[in-house]
**Q** 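What follows is a single structure, and I will ask about it in a moment.
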Amino acid sequence: MSGSVVDNTVSSGNSSVAIPTDISGQILDLDEDDDLEVFSKVIYNQLVSTEIDRRLFPLPEKFVMKGMVERFNEDFIETRRSALHKFLNKIAEHPIFSSSEDFKIFLTAGSGELTSHKKQGPGFLSRMGETVKAVAAAVRGVRSRPQEFTDMQEYAEAFSQKISSIDKVTQRIVREQKEYLEELKECGPTYALWSQSEEELAEPLKNVAGCVDKCCKETEEQVKHLNDHLIPVLHEYVLCADTLKAVLRRRDNIQADFEAKTEALASKKADRDAMRDELDKVEDRLEWANNALKSDWTRWQKGMRTDLRSAFIDTAERNVSYYEKCLAVWESFLQSQRTDAEGNGNVDFS
C-alpha cells in the first residue's frame with residue numbers, strides 16, 4: 001500500500017509489519033471493498049485444508065448503521081475506517097494469522113499487486129462442495145459431541161439472541177433520540193420568536209431559548225457518541241455470534257465425517273487399508289479442530305468481555321455526564337429566575 005501513513009506496527013512472525021492508518025480509506029474508494037474481500041478469501045482458502053474456519057472476528061459490514069447515516073458522509077467513513085483498522089489489529093494479534101504470509105503481503109504490497117490474489121479465494125464449485133458437505137453432515141448429525149462443545153453451542157445461541165436484542169434496542173433508542181433532537185432544535189427559535197412579542201417575558205424566554213440550544217448541543221454529542229462507539233461494538237458482536245455458530249457447525253461437520261468413515265470401516269463397505277488411512281487423517285483434523293476451537297474460544301471470550309465491558313462503562317459515564325450537563329443548564333436558569341424574582345420582590349420560589 002504505497003503512500004500510506006503509518007501509526008501502528010505489529011509483530012507478524014519474526015518481523016514487524018506496519019499497519020497503515022489510511023488502509024480503510026483506500027478501501028472505501030472501492031465499490032466492493034476489494035482488497036479486504038480478497039484478503040479474507042485468501043485467509044479462508046488457507047484454512048479450508050484444515051476443515052475449520054478459525055475466524056472468530058468477522059469483517060465489518062459496510063452498512064453497520066443501516067438507515068442511520070449516509071454511506072459516504074464523514075461520520076460513516078470515519079466509523080468504517082475505525083472498524084476496519086480494528087479488524088486488522090485483531091488479525092495482527094492472532095498467533096496464527098500474524099505469521100501469515102498473506103497478511104504480510106496485504107500490509108506491504110501495492111494495490112496492483114493484490115490483484116493476483118483474487119483468484120486464490122474459493123470458487124463457486126468449491127463453495128458449493130462445502131455447502132453440500134455441511135448439509136449432509138447436518139442431516140447425519142453427530143452422535144457423541146463432547147459436552148464442552150455442546151456447552152459452547154448453547155452459549156453461542158444464547159449470546160446471539162441477547163446481543164441481537166440489545167443491538168436492535170440500542171439502534172431504536174438512537175433513532176428516537178435523533179427524532180427528539182430534531183424537535184428540540186425547533187423549540188429554541190420558537191422561544192426566541194415569542195420573546196419579541198412579550199415585553200415582560202422577553203428576558204426569560206430568551207434564556208429558555210438559550211438553555212434549549214445548549215441542551216441541543218449536548219444531545220447531539222450524546223447521539224454521536226452512541227453512533228460512533230456503542231453501536232459499532234454491539235453490531236460487531238452480532239456478526240461474531242453468527243461466526244461462532246458457523247465455526248461450531250464446521251467442527252461438527254468434521255466429527256460427522258469421522259463418524260461416517262468409522263462406520264464404513266466397521267461394516268467393511270470400503271477398502272479397509274485405504275479407509276483406515278483416510279480415517280486417521282480425519283481423526284487428526286478433528287483433534288486439530290477441537291484444540292484450535294478451544295484455544296480461539298478462550299481468546300474470543302476474553303476479548304469480547306473486555307470490549308463490551310469497556311463500551312458499557314463508557315456509555316454509562318457518558319450518559320451520566322450528559323444528564324448532569326443538561327440538568328446544570330436548567331438549574332442555572334432557575335437560579336437566575338429566583339434571583340430576579342427576589343430582587344423585584346415578586347414570586348417566592350423556595
Side-chain angles (χ1 to χ4, degrees), residues 24-25 28-29 61-83 165-236 310-350:
S24 53
L28 282 168
D29 292 335
E61 287 183 332
K62 295 178 192 175
F63 303 102
V64 172
M65 296 164 284
K66 294 178 181 177
M68 302 184 70
V69 294
E70 294 297 328
R71 181 181 180 191
F72 292 113
N73 75 11
E74 291 183 2
D75 289 341
F76 174 79
I77 290 175
E78 184 55 39
T79 300
R80 174 77 171 150
R81 191 192 311 277
S82 175
S165 178
I166 292 174
D167 179 55
K168 291 176 182 177
V169 170
T170 303
Q171 292 201 39
R172 187 171 70 243
I173 289 173
V174 172
R175 284 196 298 270
E176 292 173 354
Q177 282 197 322
K178 291 184 73 173
E179 292 171 359
Y180 163 71
L181 177 60
E182 292 305 312
E183 294 177 354
L184 196 61
K185 286 180 177 179
E186 297 177 2
C187 287
T190 301
Y191 278 109
L193 186 63
W194 187 10
S195 69
Q196 297 177 11
S197 59
E198 293 284 351
E199 184 175 346
E200 294 185 4
L201 291 176
E203 195 61 30
L205 288 172
K206 288 180 182 178
N207 289 338
V208 169
C211 289
V212 170
D213 288 341
K214 290 177 182 178
C215 288
C216 277
K217 292 179 181 178
E218 295 300 333
T219 303
E220 202 163 23
E221 287 296 315
Q222 175 72 353
V223 170
K224 187 177 186 303
H225 174 81
L226 293 174
N227 262 336
D228 294 350
H229 299 283
L230 181 59
I231 286 181
V233 173
L234 292 176
H235 198 72
E236 174 188 352
S310 176
F312 292 152
I313 291 176
D314 189 33
T315 299
E317 291 175 343
R318 185 74 187 186
N319 281 337
V320 170
S321 175
Y322 164 68
Y323 288 111
E324 284 180 343
K325 288 178 179 178
C326 289
L327 179 62
V329 167
W330 292 109
E331 285 182 338
S332 176
F333 168 75
L334 286 176
Q335 185 59 42
S336 68
Q337 296 308 298
R338 289 193 183 99
T339 302
D340 290 347
E342 290 170 358
N344 295 327
N346 295 328
V347 181
D348 183 3
F349 285 86
S350 59

**Q** Name all residues meeting the salt bridge (charged side-chain N to carboxylate O under 4.0 Å, His left out) criterion together with Lys168; count only those two or more places apart in sequence or in a different chain, and write none if there are none.
**A** none
**Q** Per the ring pair (Phe, Tyr, Trp, His ring centres under 6.0 Å) rule, what does the pair list look like for residues 167-190, sequence neighbours excluded?
**A** none
**Q** Any side-chain heavy-atom pair from Val329 and Lys325 closer than 4.5 angstrom?
**A** no
**Q** Determine yes or no for a side-chain-to-main-chain donor-acceptor pair under 3.5 angstrom, with Ser321 supplying the side chain and Glu317 the backbone.
**A** no
**Q** Can you give me the closest heavy-atom contact between Ile166 and Thr170, atom names plus distance?
**A** O-OG1, 2.7 Å
**Q** What is the distance from atom CG of Asn319 to atom CG of Leu230, rounded to the nearest 0.5 Å?
**A** 9.0 Å
**Q** Under the criterion side chain to side chain contact (heavy atoms under 4.5 Å, CB included), I'd like the reasoning laid out for Arg318 against Leu226: C-alpha separation, chi angles, the key distance, then a yes or no.
**A** CA-CA 9 Å; Arg318 185 74 187 186; Leu226 293 174; over 6 Å; no
**Q** So, the side chain of Thr339 versus the backbone of Gln335: is there a donor-acceptor pair under 3.5 Å, distance only?
**A** yes
**Q** Which atom pair, heavy atoms only, marks the closest approach of Val212 to Cys187?
**A** CG1-CB, 3.9 Å
**Q** Mind checking side-chain hydrogen bond (donor to acceptor under 3.5 Å, both in side chains) for Tyr322 and listing every partner two or more places apart, or none if nothing turns up?
**A** Thr219
**Q** By side chain to side chain contact (heavy atoms under 4.5 Å, CB included), which residues pair with Phe333, not counting sequence neighbours?
**A** Asn207, Val208, Cys211, Trp330, Ser336, Gln337
**Q** Hey, could you give me the CG/NE2 distance between Leu234 and His229, rounded to the nearest 0.5 Å?
**A** 13.0 Å
**Q** Rounded to the nearest 0.5 Å, what's the gap from SG on Cys326 to NZ on Lys217? Could you check?
**A** 12.5 Å
**Q** CD of Glu331 to CZ of Arg338: how many Å apart, nearest 0.5 Å?
**A** 8.5 Å
**Q** Asp167: which residues meet the side-chain hydrogen bond (donor to acceptor under 3.5 Å, both in side chains) condition with it, sequence neighbours left out?
**A** Gln171, His235
**Q** If every non-hydrogen atom of Val233 is compared with every non-hydrogen atom of Ala311, which pair is closest and at what distance?
**A** CG1-CB, 4.1 Å
**Q** Can you name the residues that form a side-chain hydrogen bond (donor to acceptor under 3.5 Å, both in side chains) with Gln177, not counting sequence neighbours?
**A** none
**Q** Output every pair passing side-chain hydrogen bond (donor to acceptor under 3.5 Å, both in side chains) with a member in residues 186-203, not counting sequence neighbours, ordered by first then second residue.
**A** none
**Q** Considering residues at least two apart in sequence or located in another chain, which fulfil the salt bridge (charged side-chain N to carboxylate O under 4.0 Å, His left out) criterion with Glu220?
**A** Lys185
